K.L.:
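I'd like to ask you about the structure that follows.
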Amino acid sequence: MPILELTSRERSDLRSAAHPLRPVVLIGDNGLTEAVLKEIDLALTSHGLIKVRAGGDDREAREAMLSTICETLSCAPVHHLGKTLILFRPLAGNIKPPVLAALEPERPAKRRASEPHTPKKLAAEGKTLAKRPRRSETEEPKPKTRFVPQDQLNKNGKPMRPSNKKTATGSHGIPRRAGSALSLRAGARSGTSRKSSPKR
């Protein structure tokens, strides 16, 4: 049977999903026997994602066991860390095991922009909102009319805009002096200079 291929993203997701799992099959000193293969097949059929604990100190022997298991049972090798082997085979009828399905958030069904929005309470009852007729279809908009005195109209007959130019008088109506406050304090306007007081 062919070995199941996984993408790196799927392998990473499966590795994180298998983190809390404990080994369900232990391979002892007798190695990979028919009984052990049958037990691994049974665990893969019921769980989809399992950990297998392999005995022995030889890493090459464990890698050979992993490849033999994957070829015989048509499953995917997810990870081989020390004496622990992580195996995955999709469950019958499911693409992903329930462990992975629980990790992914459910995506709500998206509605098209052209479809009207239906509140949840109405959708639960099987009702929809009736479309309201547009305002432009039912009645024509009224023209905006505003009374403006004749002296406030410009040469085109439209209302004059407020000016941004500053006038000589401030907003309080008092005319401004020619000199600045700093020059007034220094006595520049009156033409007198400050007399220096003698040092004591």
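As the structure is a prediction and not an experimental result, all values here were calculated from the model.
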K.L.:
Under a 4.5 Å side-chain heavy-atom rule over Ile, Leu, Val, Met, Phe, Trp and Tyr, are Leu32 and Leu42 clustered together?
P.N.:
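In one cluster: no.
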
K.L.:
Testing the basics here: between Thr118 and Ala123, what is the closest heavy-atom pair and its distance to 0.1 Å?
P.N.:
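The answer is CG2-N, 3.9 Å.
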
K.L.:
Kindly write out the residues that satisfy side chain to side chain contact (heavy atoms under 4.5 Å, CB included) with Ser12, not counting sequence neighbours, or none if the list is empty.
P.N.:
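Counting only residues at least two positions away or on another chain, Ser12 forms no side chain to side chain contact (heavy atoms under 4.5 Å, CB included).
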
K.L.:
Can you pull the side chain to side chain donor-acceptor pair (under 3.5 Å) pairs that have at least one residue in residues 22-43, sequence neighbours excluded?
P.N.:
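Only Asp41-Arg89 qualify under side chain to side chain donor-acceptor pair (under 3.5 Å).
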
K.L.:
How far apart are the closest heavy atoms of Phe88 and Leu49, and which atoms are they?
P.N.:
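For Phe88 versus Leu49, the nearest heavy atoms are CB-CD1, 3.9 Å.
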
K.L.:
Quick one: list whatever passes salt bridge (Lys or Arg N to Asp or Glu O under 4.0 Å) with Glu5, sequence neighbours left out.
P.N.:
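For Glu5 there are no salt bridge (Lys or Arg N to Asp or Glu O under 4.0 Å) partners, ignoring immediate neighbours.
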
K.L.:
Is there a side-chain contact between Ile69 and Ile40 in this structure, where contact means two heavy atoms from C-beta onward sitting under 4.5 Å apart?
P.N.:
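Result yes, sub-4.5 Å side-chain heavy-atom pair found.
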
K.L.:
With Thr7, which residues qualify under side chain to side chain contact (heavy atoms under 4.5 Å, CB included), at least two apart?
P.N.:
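Partners of Thr7 by the side chain to side chain contact (heavy atoms under 4.5 Å, CB included) criterion, ordered by chain and then number, come out as Arg9, Glu10.
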
K.L.:
Under 3.5 Å, side chain of His80 to main-chain N/O of Gly82, donor-acceptor pair present?
P.N.:
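Yes; judged by distance alone, with no hydrogens or angles, the pair exists.
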
K.L.:
Which heavy atom of Gly48 sits nearest a heavy atom of Leu91, and at what distance?
P.N.:
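So the two residues come closest at N-CD2, 3.6 Å.
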
K.L.:
Within the distance-only criterion (no hydrogens, no angle test), does the side chain of Ser67 pair as donor or acceptor with the backbone N or O of Ala64 below 3.5 angstrom?
P.N.:
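Yes, Ser67 side chain to Ala64 backbone: donor-acceptor pair under 3.5 Å.
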
K.L.:
Taking only residues at least two apart or on different chains, which pairs with a member in residues 57-70 satisfy salt bridge (charged side-chain N to carboxylate O under 4.0 Å, His left out)?
P.N.:
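Passing the test, one end in residues 57-70: Asp57-Lys83, Arg59-Glu63.
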
K.L.:
Taking all heavy atoms of Pro20 and all of Ser16, pick out the closest pair and write down the distance.
P.N.:
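It is CD-O, 4.0 Å.
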
K.L.:
From Thr84 OG1 over to Leu21 CG, what is the distance, rounded to the nearest 0.5 angstrom?
P.N.:
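Rounded to the nearest 0.5 Å, the OG1-CG separation comes out at 11.5 Å.
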
K.L.:
Does the side chain of Lys51 reach to within under 4.5 Å of the side chain of Leu85, using non-hydrogen atoms?
P.N.:
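In short, these two side chains do not touch, never coming nearer than 4.5 Å.
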
K.L.:
Looking only at heavy atoms, what is the nearest atom pair of Val36 and Gly31, with distance?
P.N.:
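It is CG2-O, 4.0 Å.
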
K.L.:
Applying side chain to side chain contact (heavy atoms under 4.5 Å, CB included), run through Ile86 and Ile50 and close with a yes or a no.
P.N.:
CA-CA 6 Å; Ile86 301 173; Ile50 62 166; over 6 Å; no

K.L.:
Report yes if some heavy atom in the side chain of Leu44 is under 4.5 Å from a heavy atom in the side chain of Leu87; otherwise report no.
P.N.:
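Yes, close enough: below the 4.5 Å cut-off.
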
K.L.:
Which pair of heavy atoms, one from Met65 and one from Gly55, lies closest together, and at what distance?
P.N.:
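Smallest heavy-atom distance, with atoms named: CE-O, 4.4 Å.
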
